[in-house]
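Notes for the one structure printed next.
Naming convention: chains lettered A, B, ... in sequence-line order (proteins, then strands); numbering from 1 in each chain.
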2 protein chains.
Amino acid sequence: SSLPPMEGRSKFMDFPHVSAPHRSLMFDLLSAVENRLGTQLEPCALPPNVEYYQNQAGNARGSLYVRRGQSSSPVDFVLGSWLNCQLPTGGALNITSLSAYLKTSTDAPNFLFELIRNGPTSLVMILDLTPRKDLVMFPDYLKTFYEDTQLDSHRQALEKLPEAQPYFSSALYIRSVVSPTAIMLKIDAGGEDRLEEIIDSQLPTISKAVLEIWLDKCAYGEERGVDEADRAYLEKRDNVVKRKTIDIDLASNFPRLFGPEIAGRVIEVLREVYAV
Amino acid sequence: SSLPPMEGRSKFMDFPHVSAPHRSLMFDLLSAVENRLGTQLEPCALPPNVEYYQNQAGNARGSLYVRRGQSSSPVDFVLGSWLNCQLPTGGALNITSLSAYLKTSTDAPNFLFELIRNGPTSLVMILDLTPRKDLVMFPDYLKTFYEDTQLDSHRQALEKLPEAQPYFSSALYIRSVVSPTAIMLKIDAGGEDRLEEIIDSQLPTISKAVLEIWLDKCAYGEERGVDEADRAYLEKRDNVVKRKTIDIDLASNFPRLFGPEIAGRVIEVLREVYAV
């Protein structure tokens, strides 16, 4: 590709294919992460053809954005992505996501946010602090990160929207990975305007509140006292999650959408970032 | 108490305070378990004042039923219970449950079924094969018991009922304990007749189908090859679940409903059965 790196980067931040409220929500969340973590994060240093890629037919394109944590930071990396795909029906599928993974120096949860716009009036939202330990075995962990933080209040607030329904991922593994307070919603609005209004007025407050909890209690939380055995367990569990996430999210769809070469390139970079 | 043991036992099986379809659903499920497991199960040998108990005011009563597995059986115990409680508003709360726990000779899931009738037109249903391992760490376990068995199809079928909504337990721990295919539904029917019709026509087929999966793949499943380290892990995890379940289900409500003496007696027997 002849794109200079900075142009690739600006393409990610532009979220060029989504509506204004959707773009501004993603931009604000990413900015909140970057402002708060600041110099803990290295600049994005992906190859330009992974920061931005598109298929030969020109009907699917995507962008990746990765900022690794510096060696002194508990943050392993922050990962943004978007995907735009023209549908045979004439519509478009837009997926935007922002996640943040911590190192094994802490066992605190990771951050996960994803919006899947699969039609003009329909949106799936996933927002969670994903646990890094078995909550059944470690009720104190559940108490610290999920009960004491009142995380469920945000899920309950959104659930009250008449247009919102609980969303069940078809992948049982994804349902297993998320916490019991995960916001997994399908929003079916009567019209496109109403959906934009919900994205504009309802989602930002709650998304930012959950992100703030992650920043305060996880990225900047109290020392968790992870010993060597804990660290080995965390590394093993984190790695299973990362491998399964790549398999479920990408390995099946990406080659179909982008062809084997581009898909292989993007997945290889992700495996490097995930270190699996 | 002057009740002879057999009279206490018949009180459990009678489910005397619930509607005919509710009673017949519970009776049929318990019969299916008992017929299939047959002589693997010891007779119920609870003290009569735990098989049936009521408070001094006479507005709350309950019954427990426990059949332990014989030493050669993978079944640890089958546990039935019902609770009836007159509400100050004039209505009644009825909870009936049936669960089955396996020994650590297998890591296969346990069975859990509970109906909470908290008003004439309202019912909460919980039906699950509760995992005994961290599904995130052990994707093969998820595949064997939850994907390959198509358990989610039963949840999907019930979810289609217009009167049914996903139910979120206020206890995050309970949400953590259940599987991603757990049927946790709140059914709000327009009228009492319609709710009885749903209990009569929709719930039995699905409840029995899930129970059959448990009997075929868990109680009578393939040898799971649990080694000593697995067994130690299972025992630890099972015990955390059992202790938390008693705390959440009983320790807070029972003393209030039945007074300290009866509550203490029932909880002590449950701790004996659970061995925690």
- request: Could you check B:Val240 against A:Phe138 for side chain to side chain contact (heavy atoms under 4.5 Å, CB included), going step by step and ending with a plain yes or no?
  value: CA-CA 9 Å; B:Val240 179; A:Phe138 301 101; over 6 Å; no
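In this structure, the portion of A:Leu142 lying under 4.5 Å from any heavy atom of chain B is its side chain and not its backbone. Of the atoms belonging to B:Thr181, heavy atoms from both backbone and side chain fall under 4.5 Å from chain A.
When each of B:Pro139, B:Ser169, B:Pro131 is checked for heavy-atom pairs under 4.5 Å with chain A, B:Pro139 comes out on top. Per-residue counts of heavy-atom pairs under 4.5 Å with chain B were compared for A:Val177, A:Val136, A:Ile174; the largest is that of A:Val136. Most heavy-atom pairs under 4.5 Å with chain A: of the set B:Lys244, B:Arg155, B:Lys143, this distinction falls to B:Arg155.
Taking 4.5 Å as the limit, every side-chain heavy atom of A:Lys133 sits out of range of all side-chain heavy atoms of B:Asp134. Taking 4.5 Å as the limit, every side-chain heavy atom of A:Asp152 sits out of range of all side-chain heavy atoms of B:Phe168.
Note that OG of B:Ser176 is 14.0 Å distant from CE of A:Met137, once rounded to the nearest 0.5 Å.
When the shell of 6.0 Å around NZ of A:Lys242 is examined, it contains more than 12 heavy atoms from other residues, nucleotides or ligands. Within 6.0 Å of atom NZ in A:Lys103, more than 12 heavy atoms from other residues, nucleotides or ligands are found, so the atom counts as buried in its surroundings.
Smallest separation of non-hydrogen atoms from A:Pro180 and B:Arg175: O-NH1, 2.7 Å.
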